[in-house]
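Treat the numbers as computed from the prediction; the structure is a model and nothing was measured.
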Amino acid sequence: SSAAAGIGLGAVSAVGLVVNALSALAGWFIWAYMTYFIGTKLFPEPQTQSDHGELLRTLGFSSAPGLIRILGIITPIREFVMLITSVWMLVAMVTAVRQALDYKRTLRAVGVCCVGWIVQILILAILLGIAGKGVGAL
């Protein structure tokens, strides 16, 4: 899924492809870890019992629609493809979180995924800002 994103985001070089794919993978892993932490430590239900491995496996399956992002190489439909696959992956992720964390209500899983997504964006923005300053200094 991350490799498909790397290709679909229109990398013009091998380095660009690798950077796009690694960025997608890092974003997914940060989101998955934050979702685990938020779902099990901050907003658990009484029956919530999970470990990081269990959630990573279910979230891995929820990333499968991301393979369609490879169609982003078709420039006129790139934004549409990315939007549709992102929404599809989010819906699959909510389902995965609900099942892996034994939630009774889908709304709790939606909240956990949204909070995790916001935290992931903040972390990636900070990391990209630091990396950008490091590159600029060279």
Excluding sequence neighbours, so at least two apart, what forms ring pair (Phe, Tyr, Trp, His ring centres under 6.0 Å) with Phe29?
His52
Which heavy atom of Trp28 sits nearest a heavy atom of Ser63, and at what distance?
NE1-OG, 2.9 Å
Linking I/L/V/M/F/W/Y whenever any side-chain heavy atoms sit under 4.5 Å apart, do Ile77 and Ile7 land together?
yes
According to salt bridge (charged side-chain N to carboxylate O under 4.0 Å, His left out), does anything in residues 104-116 pair up with another residue at least two apart or in another chain? List the pairs.
Glu45-Arg108
Connected via hydrophobic side-chain network under 4.5 Å: Val119 and Ile30
yes
Sequence neighbours left out, what pairs pass salt bridge (charged side-chain N to carboxylate O under 4.0 Å, His left out) with at least one residue falling in residues 47-69?
none
Flag yes if Ile118 and Leu55 sit in one hydrophobic cluster, no otherwise; membership is Ile, Leu, Val, Met, Phe, Trp, Tyr, and two members link when side-chain heavy atoms are under 4.5 Å apart.
yes
Work out which heavy atom in Ser1 is nearest to a heavy atom in Gly66; give both atom names and the distance.
OG-CA, 3.4 Å
Side chain Gln120, main chain Gly27, donor-acceptor under 3.5 Å
yes
Please report the closest heavy-atom contact between Val94 and Ala109, naming both atoms and the distance.
O-CB, 3.6 Å
Does the side chain of Val97 come within less than 4.5 Å of Thr58's, by heavy atoms?
no
Please report the interatomic distance CZ(Arg78) to CD1(Ile73), rounded to the nearest 0.5 Å.
9.0 Å
Please name all residues satisfying side chain to side chain contact (heavy atoms under 4.5 Å, CB included) with Pro65, sequence neighbours left out, ordered by chain then number.
Trp88, Met89
Under 4.5 Å between side-chain heavy atoms, hopping through other hydrophobics if needed: is there a path connecting Ile121 to Val115?
yes
Ring pair (Phe, Tyr, Trp, His ring centres under 6.0 Å) filter on Tyr103, not counting sequence neighbours, yields none
Closest non-hydrogen atoms of Met93 and Leu59, given as atom of the first, atom of the second and distance, are CG-CD2, 3.4 Å
Can Phe80 be reached from Ile68 by stepping across I, L, V, M, F, W or Y side chains whose heavy atoms are under 4.5 Å apart?
no
How long is the gap from CD1 on Ile84 to CD on Glu79, to the nearest 0.5 Å?
12.5 Å
Indicate every side-chain donor-acceptor pair of residues 32-44 with a distance under 3.5 Å to a residue at least two apart or in another chain.
residue : atom : partner : partner atom : Å
Thr35   : OG1  : Trp31   : O            : 2.7
Thr40   : OG1  : Tyr36   : O            : 2.7

